[in-house]
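In the text below, chain A, chain B and the rest are named by the order of the sequence lines, each starting its count at 1.
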Number of protein chains: 2
Amino acid sequence: MPKPQSHERPYHHGDLRRAIVMAALEILHETQSLEFSLRELARRAGVSHNAPYKHFADKRELLAAVSAAGFETLTKRMAREIVGLDNARERLFAMLRAYIDHGVENPALYSLMFGGHLSGPERSRPAIERAEAEKTKALLAGVIVAGGLGRAIPHISRNERKIAGAILACWSLVHGLTLLLADGLVGPKKKSGALGDSLVQGILDGLAVELPALPPGTWIGPQGS
Amino acid sequence: MPKPQSHERPYHHGDLRRAIVMAALEILHETQSLEFSLRELARRAGVSHNAPYKHFADKRELLAAVSAAGFETLTKRMAREIVGLDNARERLFAMLRAYIDHGVENPALYSLMFGGHLSGPERSRPAIERAEAEKTKALLAGVIVAGGLGRAIPHISRNERKIAGAILACWSLVHGLTLLLADGLVGPKKKSGALGDSLVQGILDGLAVELPALPPGTWIGPQGS
DNA sequence: TGCGTCATGTTGACGATGGCAACTTTATAT
DNA sequence: ATATAAAGTTGCCATCGTCAACATGACGCA
């Protein structure tokens with residue numbers, strides 16, 4: 001029985017690291033600001049200000065772990081949203097909707113995941129989150145290929161570049177829209193689902209994009225919700 | 001003659017504020033990291049660590065000013081790239097290319113401009129940069145409308161939503177692609193121009209997106225350059 | 001000319017932060 | 001049972017953002 005782990009503190013702490021990451025997600029969700037202190041996380045977890053250093057070499061590594069957790073929940077959410085859907089196009093839309101919602105509901109986390117807060121002086125991101133990000137990407141790519149152009153472009157190796165281009169286009173579009181919404185640069189956020197559907201529909205059908213009904217002039221400017 | 005402003009220090013300092021912002025842009029370009037200190041900027045400008053507070057209430061306000069400067073140079077760069085071009089489509093491509101290049105060449109600055117580093121606990125961004133961002137958006141919107149669908153969709157008020165949708169789609173696509181490239185999530189960066197052209201072409205023509213020639217498998221994964 | 005005022009820059013201090021080193025406590029393996 | 005490694009603690013340091021008080025120069029007005 002390696003982990004009794006009841007609500008008391010069985011031995012030293014039980015499972016710090018997870019506690020720290022969860023505290024970070026909590027505070028991120030509460031304050032919607034990236035400027036929290038390592039020490040505050042330690043306080044929340046009920047440990048001393050240096051305990052986290054036994055699990056993370058750096059603050060950057062801690063942030064990377066939080067980002068990885070964000071990717072993980074994103075992947076799970078997208079996967080959950082498409083179970084039971086047969087139509088490939090429906091699956092694509094449901095997934096992208098989940099993607100956008102995840103970002104819009106949690107702007108600070110999304111900003112942490114993609115805002116480049118991690119790529120300091122060196123080039124590469126920490127490997128921990130890299131792996132998680134790849135899983136997310138893989139799920140995205142699969143559903144995009146199936147739903148976006150499964151019939152239009154046969155999946156033979158000749159068309160690889162075309163397929164890669166479609167994935168990139170779709171991802172870029174959704175990524176950009178999510179950030180614009182999360183930043184409040186376009187809005188209102190409540191319509192994000194409809195906006196996303198319209199845009200993806202548009203990119204799939206060619207540029208016959210028509211926005212859903214919105215009060216004219218509100219889609220751009222101060223954040224709406 | 002209100003400002004002799006030679007390379008000596010005529011009186012107090014001459015033109016701090018600009019010096020501070022430029023120092024920030026410098027250090028941003030050098031280190032590609034957002035984690036610089038107000039004090040270091042002051043050091044670079046040759047003033048004491050509290051001098052900046054006479055020009056910026058806050059560090060956040062300082063960052064906002066830097067972001068605004070980023071928007072300004074972006075706008076100028078895009079405008080410069082399209083002078084002399086008649087064909088509306090050419091103008092669109094040149095402008096978007098400039099947009100993407102600006103982001104890719106200066107990831108930290110782009111991240112500051114769009115990464116949500118500013119929206120702390122409160123909602124709205126500082127007004128200083130808001131104005132500058134609006135100018136950028138206006139230029140973008142104009143050229144997109146002219147080049148993207150000037151002929152396809154007549155610019156009567158009936159089609160307003162359609163037009164807004166096209167702008168949003170185009171901006172989202174380019175914004176997302178720029179961030180993906182800047183973050184090194186897709187690459188290589190050197191091909192960013194071609195990638196952008198392809199994607200925009202694709203969104204304009206419908207989803208017949210074909211990427212330019214790249215070594216297969218390199219377009220996604222560790223950053224290429 | 002002299003003087004007051006305001007903008008600008010300086011000095012010094014405070015609390016908090018990220019990170020290091022040294023020490024203590026618990027779990028596990030031999 | 002005892003050594004060893006893992007996990008947590010205390011104390012410390014340089015630095016950071018910010019505040020308050022003070023100094024210095026420029027400019028308007030007598």
So, is B:Arg43 near the phosphate of D:dC16, with a side-chain N or O under 4.0 Å from OP1 or OP2? yes
Criterion side chain to side chain contact (heavy atoms under 4.5 Å, CB included) against B:His102, the qualifying member of B:Thr75, B:Leu109, B:Thr178: B:Leu109
May I have the distance from A:Arg39 (atom CZ) to C:dT17 (atom C1'), rounded to whole angstrom? 6 Å
Between B:Arg91 and B:Ile82, is there a donor-acceptor pair closer than 3.5 Å when you use the side chain of the first and the backbone of the second? yes
Any donor-acceptor pair under 3.5 Å from A:Glu61 side chain to A:Phe56 backbone: no
Select from A:Leu16 and B:Glu40 the residue whose nearest nucleotide in DNA chain D is closer to the 5' end of that strand. A:Leu16
Please enumerate all residues that pass side chain to side chain contact (heavy atoms under 4.5 Å, CB included) together with A:Glu72, with sequence neighbours excluded. A:Lys76, A:Glu132
If only atom types and distance count, is the side chain of B:Arg44 paired as donor or acceptor with the main-chain N or O of B:Ala23 below 3.5 Å? no
Atom pair distance, as rounded to whole Å: CD in B:Glu35 and C1' in D:dT15: 14 Å
For the pair made of CZ in A:Phe56 and C1' in C:dT17, what is the distance, rounded to whole Å? 18 Å
Which nucleotide sits closest to the side chain of B:Val47: D:dG17, D:dT10, C:dT10? C:dT10
What nucleic acid atoms does B:His49 come within less than 4.0 Å of, heavy atoms only: base, sugar-phosphate, or nothing? base
Atom pair distance, as rounded to whole Å: CD1 in B:Ile20 and P in C:dG9: 9 Å
What is the separation between atom CG on B:Leu63 and atom C1' on D:dC16, rounded to the nearest whole Å? 14 Å
Rounded to the nearest angstrom, tell me the gap between atom CG in A:Leu38 and atom P in D:dC16. 18 Å
Is the backbone N or O of B:Leu168 less than 3.5 Å from a side-chain atom of B:Ser172, with the two atoms forming a donor-acceptor pair by type? yes
So which protein nitrogen or oxygen atoms get under 3.5 Å of nucleotides 21-24 of chain C's nitrogens or oxygens?
residue	atom	partner	partner atom	Å
C:dA21	N6	A:Asn50	ND2	3.2

Figure out the OH/C1' separation between A:Tyr53 and C:dG19, and round it to whole Å. 5 Å
Starting from C1' on D:dG8, measure out to CG on A:Asp15 and report it in whole angstrom. 15 Å
Would you check if the distance from the ring center of B:Tyr110 to the ring center of B:His175 is below 6.0 Å? yes
Please determine whether a side-chain nitrogen or oxygen atom of A:His55 lies at a distance below 4.0 Å from atom OP1 or OP2 of D:dG8. yes
Sugar-phosphate only, base, or nothing, as touched by A:Ser37 at under 4.0 Å among non-hydrogen atoms: sugar-phosphate
